[in-house]
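The structure appears below as structure tokens.
FYI, side chains are in, hydrogens and waters are out, and symmetry mates aren't considered; it's all heavy atoms of this structure. Just so you know, these numbers come straight off a predicted model, no measurement behind them.
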Amino acid sequence: MARSNEAAAEALNEYAELFALDGGDPFRVRSYQKAAKAIAGHPRDLREISVRDVPGIGEAIAKKVEEFLARGGFRQLDALRAKVPDGVRRLTRIPSLGPKTALFLYRELGIDSAEALADAIAAGRLKGVKGMGPKTVDNLLAGIEQLRSSGGRVHRGIAFDLAQQVIAVLGGQASPPERIAYAGSLRRMRETVGDIDILAVGSPGLMEALRAQPFVTEVVAAGDKKTSVRTDRGLQIDLRLVPAESWGAALVYFTGGKDHNVRLREIAVRKGWKLSEYGLFEGERVIAAATEEDIYAALGMQWVPPPLREDMGEVEAALKHELPELVQRADLKGDLHTHTNLTDGVASLEEMVAAAADLGHSYYAVTDHAPDLAMQRMTLDKALEQRAALEALQAKYPRMRLLHGTELNIGPDGSVDWPLEVLEGFDVRVASVHSHFTQPREEMTRRFIAACENPGVHIIGHPTTRKIGKRPPVDADWDAVFDAAARTGTVLEIDSFPDRADLPSDLVRRAKHRGVRFSIDSDAHAVPHLGNQHYGVGIAQRAALTPDDVINAWPLDRLLAHLAAPT
DNA sequence: GCCGTTTTCGGCCCGACTGTTTTCAGTCG
């Protein structure tokens, strides 16, 4: 059974949004958001604890959450859903368009969607409207485009959770599947997913069970071998029943990618064979079908890990038996970018360190924000206090080396928070962009290069600063940045947060070719986030990284030597 | 709505940026 925390947090966030749109007190809005964050970040399942004991939750929210746990909703949420028009909510999904403007556009001009807004702008209906100058209209158009370009795809975290949920539900049926697995872009570890493909060997009752799930809003297709449903998040799920003897062939076929599959079929054809989702055949004779390994072996290839199946050179490498040894989750020995409640995390230093030890890390860096990000209210004194606390904590963890780090803010000119002599007191220095996202390409490139050239900076955090579905990547000459990183020994981060997924795998691949090394970090702001590193590993695998490319796959001694070397 | 070495009321991370405003409103992190 999935944790109830995420669903409850989502309901509270929705309530906060509706409450704000309804003109509610901003401080109460913050309370709901804070409670949602605390719930989502709580290590224990809500059903196992007293909700009232979670910090940030008082009597009023506890009652709402308890009602939510009992029946999947609460009275006040139902009331606000009925009161706030969907059109207003849809408008606020447009970046740069907040609640005030949404309400105004809806009430005064009857605009209730991104499409309607685009039409109104095209028709010149916003001309002369108070507060709607040309720049504002341009920004709205850019926001609409940003919303459209996400094209119904969601980040991998959402798709992964949903796929796990479907597999768990079907596995719990009276006649469970003999085999079940997800395929498609989800199995290839793509950073965004357009639909979820699930393969199963089992009875047609599985398809009925899927259609009956509460998150299914529409049945798109329902046949003997395939059921397609749409879910409340707009994501489509395809469930396909395949014959047990064709399992491997079906997995290959439905995992794709398309170009990879085309290459495989061409190789089969050249041997006088045929490859389909039912197997590899010579005429009627089955050559291979039951496992993926059998099929690749019959084609004279190594089994290709799904993240590489994009026809980006892996077919040739597999034919020559020269596929790289991809970095695995188990190779990671530590985490070099994490937060505590000293800045914007929700868990204490002690809680985060204890959870990291449970994961079996052999080193762990705490990298709270630095003073330039004013909202975090950090000071050098606070950082030094934290360092002392961390040093005291070290005695409790003989098998895990605690590293004191910081996440610096890269200013518009490429400078960071502290001078070198202060930076040298930190074991790990991550530096990231948190503002001025729209700088012109040349300035942004200079900014990153300056950060790389700063001898006090070890790692550039979440380099493109994108948030999938919310914020586009910044514009920079990435090859120039990668060259600077390679030249200075500056490591680029693969931020594992599924909505960041940053660097993206295509840029990781390019950076690797230019000699850059990487760090796969959780950027955890709560205990459960520490487990997100598997998402970053997926990105690394898509870019064909090996353990040698990833500094936190290195043993402690090698890592420390690298961090100590002047860059 | 939450919280308490400012403790049961009165604060709440708050500053920067943008565009439009001639003194500020909205949005964001």
Side-chain angles (χ1 to χ4, degrees), chain A residues 11-13 15-39 51-67 74-77 80 88 91-105 126-143 146 339-346 368-379 382 407-413 417 432-440 443 461-462 465-467 470-472 474 495 497 499-500 502 523 525:
Chain A
L12 277 177
N13 273 325
Y15 186 63
E17 183 195 349
L18 293 170
F19 194 83
L21 284 172
D22 194 41
D25 172 22
F27 291 112
R28 285 175 64 182
V29 174
R30 285 205 57 79
S31 291
Y32 300 131
Q33 287 168 339
K34 215 173 145 191
K37 195 174 168 185
I39 285 173
V51 182
R52 186 67 178 79
D53 293 341
V54 178
I57 297 194
E59 277 311 312
I61 293 182
K63 276 204 185 109
K64 293 179 176 72
V65 170
E66 280 157 9
E67 188 181 341
F74 55 90
R75 184 173 53 79
Q76 297 89 337
L77 177 60
L80 273 185
V88 178
L91 286 176
T92 59
R93 305 267 181 277
I94 301 170
S96 85
L97 202 165
K100 293 287 191 320
T101 314
L103 220 48
F104 173 81
L105 291 173
L126 263 54
K127 286 219 172 70
V129 174
K130 176 172 66 80
M132 292 289 157
K135 292 273 184 63
T136 300
V137 169
D138 281 352
N139 285 338
L140 287 176
L141 286 173
Q146 163 71 9
H339 296 272
T340 75
N341 60 5
L342 184 60
T343 55
D344 57 353
V346 298
D368 272 313
H369 290 284
D372 284 359
L373 212 56
M375 61 188 264
Q376 304 292 351
R377 317 194 98 200
M378 185 53 130
T379 62
K382 284 191 191 174
E407 183 182 9
L408 303 160
N409 186 57
I410 304 177
D413 61 352
D417 309 57
S432 319
V433 165
H434 297 104
S435 65
H436 301 81
F437 303 118
T438 55
Q439 273 183 329
E443 265 174 59
H462 47 73
T465 78
R466 71 160 174 182
K467 291 251 182 106
K470 292 195 194 110
R471 185 168 67 209
V474 297
D495 188 306
F497 244 92
D499 65 339
R500 284 195 183 270
D502 187 9
D523 192 5
H525 286 64

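Put simply, the side chain of A/Glu407 never gets that close to the backbone of A/Ser432: no donor and acceptor are under 3.5 Å apart. In this structure, A/Asp25 contributes its side chain and A/Phe27 its backbone to a donor-acceptor pair below 3.5 Å. Counting only distance, with no hydrogens or angles, the side chain of A/Arg471 and the backbone of A/Thr465 share a donor-acceptor pair below 3.5 Å.
To the nearest whole angstrom, the two C1' atoms, one in B/dT27 and one in B/dT20, are 14 Å apart. Using C1' as the reference atom, B/dG10 and B/dG15 are 22 Å apart when rounded to the nearest Å. Only the C1' atoms considered, B/dG1 is 14 Å distant from B/dT8, to the nearest whole Å. Nucleotides B/dT23 and B/dC28, compared at atom P, are 26 Å apart to the nearest Å. When the C1' atom is used for both B/dG11 and B/dC17, the distance is 26 Å, rounded to whole Å. Here, B/dG29 and B/dC13 have their C1' atoms 10 Å apart, quoted to the whole Å. Nucleotides B/dT6 and B/dC14 place their P atoms 15 Å apart, quoted to the nearest Å.
Annotation: cation-pi pair A/Arg28/A/Phe19 absent, no NZ/CZ under 6.0 Å from the ring centroid and within 45° of its normal.
Listed nucleotides: B/dT20, B/dC12, B/dC3. Nearest to the side chain of A/Arg52: B/dC3. Checked against B/dT20, B/dC17, B/dG1, the side chain of A/Tyr32 finds its nearest nucleotide in B/dG1. Comparing B/dC2, B/dT20, B/dC12 by their nearest atom to the side chain of A/Ile61 picks out B/dC2.
Atom CE of residue A/Met132 and atom CG of residue A/Leu105 lie 5.0 Å apart, to the nearest 0.5 angstrom.
The partner of B/dC17, taking Watson-Crick or G-U wobble pairs whose two distances both stay under 3.5 Å, is B/dG26.
Whole-Å rounding puts the A/Asp368 CG to B/dC13 C1' distance at 14 Å. Note: CG (A/Asp372) to P (B/dC14) measures 17 Å, nearest angstrom. Between the C1' atom of B/dG11 and the NZ atom of A/Lys34 lies a distance of 12 Å, rounded to the nearest Å. Rounded to whole angstrom, the span from the NZ atom of A/Lys135 across to the P atom of B/dG19 amounts to 5 Å. For the pair A/Glu59 CD and B/dC3 C1', the computed distance is 13 Å after rounding to whole Å. Between the NE2 atom of A/His436 and the C1' atom of B/dT18 there is a distance of 11 Å, given to the nearest Å. The distance from atom CG of A/Leu141 to atom C1' of B/dG19 is 15 Å, rounded to the nearest whole Å. The separation between A/Ile39 atom CD1 and B/dG1 atom P is 14 Å, rounded to whole Å.
The 12-atom threshold is exceeded at NZ of A/Lys382, counting heavy atoms of other residues, nucleotides or ligands nearer than 6.0 Å. Counting non-hydrogen atoms of neighbouring residues, nucleotides and ligands closer than 6.0 angstrom, the NZ atom of A/Lys34 reaches no more than 12 such neighbours.
Using a 4.0 Å heavy-atom criterion, one finds that A/Pro26 contacts no nucleic acid atom at all. Among the heavy atoms of the strands, none lies under 4.0 Å from A/Asp344.
Comparing A/Gly133 and A/Arg377 against DNA chain B, the residue whose closest nucleotide sits nearer the 5' end is A/Arg377.
Between A/Phe74 and A/Tyr15, the ring planes lie perpendicular to each other; the angle is over 60°, past the 30° to 60° tilted range.
In this structure, A/Thr343 does not reach the B/dC13 phosphate: none of its side-chain N or O atoms is under 4.0 Å from OP1 or OP2. Taking side-chain N and O atoms only, A/Asn139 has no distance below 4.0 Å to OP1 or OP2 of B/dT18.
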Per-nucleotide protein contact along nucleotides 22-29 of chain B, 5' to 3', at a 4.0 Å heavy-atom cut-off (B base, S sugar-phosphate only, - neither), is ----SSSB
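By the 4.5 Å heavy-atom criterion applied to side chains, A/Leu140 and A/Ser96 are counted as neighbours.
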